[in-house]
2 protein chains.
Amino acid sequence: MARTDSLHVADRLHSAAIRLLRAVRVADAETGVTAPKLSALSVLVFAGPMSLTALARNEQVTAATMSKLVADLEVEGLASKRADPADKRGVRVEATAKGRAILDAGRKRRLALLQAKLSQLPREQRALLADAAELMLELAKS
Amino acid sequence: MARTDSLHVADRLHSAAIRLLRAVRVADAETGVTAPKLSALSVLVFAGPMSLTALARNEQVTAATMSKLVADLEVEGLASKRADPADKRGVRVEATAKGRAILDAGRKRRLALLQAKLSQLPREQRALLADAAELMLELAKS
DNA sequence: TTAGTTAGTTAGTCAAACTAATTATATGGA
DNA sequence: TCCATATAATTAGTTTGACTAACTAACTAA
């Protein structure tokens with residue numbers, strides 16, 4: 001199985017993604033905000049307010065799943081919803097000031113483990129991972 | 001934020017891992033074997049029989065979690081357990097022939113989405129992802 | 001020998017995902 | 001215009017995979 005064989009690469013990437021997430025999951029307990037919620041919040045902060053459906057599509061989950069995630073974020077005061085004036089069925093979800101603040105702290109705490117390891121790598125390897133991450137994000141699109 | 005800044009790279013890798021796994025998750029339903037089980041099975045096939053504790057460590061989950069995963073695999077006929085002759089507390093978990101067969105079919109089906117996209121990339125980019133995957137697996141090790 | 005450790009299991013809880021069903025609103029065609 | 005269909009969001013119920021805590025059994029060392 002050649003190193004660049006598609007199935008092999010797919011397999012290793014798959015394993016790598018699973019293990020990487022497991023490795024950083026230990027930071028979840030401290031933050032009080034779980035990975036899926038932080039990820040959704042991150043989209044709201046960086047891409048701006050959007051409908052629940054758009055957010056669900058962006059995060060690649062069903063509307064039902066996102067509805068619950070957003071409800072939780074709302075209870076925690078990290079996001080808010082308001083009626084879409086142009087479509088009474090719709091809501092606009094946006095991050096609150098608290099949400100923005102928590103995002104940064106949360107991200108940092110969550111990623112500290114990863115970052116600590118990354119910072120020990122030579123710059124070229126970090127650059128390689130940065131390029132790979134962008135490629136992976138492309139691959140994950142639809 | 002420089003492209004090779006550790007926090008930035010950590011953030012993008014984190015997002016990439018989340019979205020990549022969500023993207024391939026749609027294949028779960030077809031295979032009948034979920035990602036964590038397939039991942040554990042994969043370890044058993046490629047690294048050989050091992051104790052439950054060793055498997056849990058390898059997969060970075062608690063022994064309790066692995067105990068349940070292995071129990072499920074056993075019910076599905078994909079793995080088997082037998083007493084460790086040298087330590088009556090221990091068990092040796094190993095993949096069955098059916099497990100090996102399922103692994104390959106399952107992996108292929110699960111990874112088909114990824115692989116289809118990967119095969120369209122130029123070889124250099126696949127090589128980059130292959131290198132990145134190995135780095136990520138290293139990073140994930142405690 | 002007995003105290004402490006290790007291997008594994010079981011019970012109970014939780015988050016996050018899904019599907020199916022429900023409600024409300026929009027919209028396009030006869 | 002009005003009805004059928006489509007879309008937005010929610011709710012209910014289920015499943016999976018993760019955890020901790022508590023337990024039994026077996027090993028090990030002081």
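Here the structure is a predicted model, which is why all the values come from computation and not from measurement. Residue numbering restarts at 1 for every chain, and letters A, B, ... go by the order of the sequence lines.
In this structure, of dA9(D), dA18(D), dA16(C), it is dA16(C) that holds the atom nearest to the side chain of Pro36(A).
Among the heavy atoms of the strands lying under 4.0 Å from Lys37(B) are primed sugar atoms or P, OP1, OP2 only; no base atom is included.
Here the P atom of nucleotide dA17(C) and the CG atom of Leu21(A) are 11 Å apart, to the nearest Å. For the pair Leu52(B) CG and dT6(C) C1', the interatomic distance rounds to 13 Å; values are reported in whole Å. One interatomic measurement links the two molecules: CG of Leu38(B) to P of dT16(D), which rounds to 15 Å at whole-angstrom precision. Note: CG (Leu73(A)) to C1' (dT10(D)) measures 16 Å, nearest angstrom. Rounding to whole angstrom units, CD of residue Glu74(B) and C1' of dG8(C) are separated by 13 Å. The nearest whole Å value for the distance from the CD atom in Glu59(B) to the C1' atom in dA18(D) is 13 Å.
More than 12 heavy atoms of other residues, nucleotides or ligands shown are found within 6.0 angstrom of NZ on Lys81(A).
The CG atom of Leu44(A) sits 7.5 Å away from atom CG of Leu73(A), with the distance rounded to the nearest 0.5 Å.
Residue Thr65(A) has a polar side-chain atom (N or O) positioned under 4.0 Å from OP1 or OP2 of dC18(C). The side chain of Ser67(A) places an N or O atom within less than 4.0 Å of a non-bridging phosphate oxygen (OP1 or OP2) of dT10(D).
Residues Ala16(B) and Met136(A) share a closest heavy-atom pair of CB-CB, 3.8 Å. Contact record, Ala95(A) with Val45(A): CB-CG2, 3.8 Å, taken as the closest heavy-atom pair.
A heavy atom lying under 4.0 Å from DNA chain D marks the following residues of residues 80-92 of chain B, by number: Asp87(B), Lys88(B), Arg89(B).
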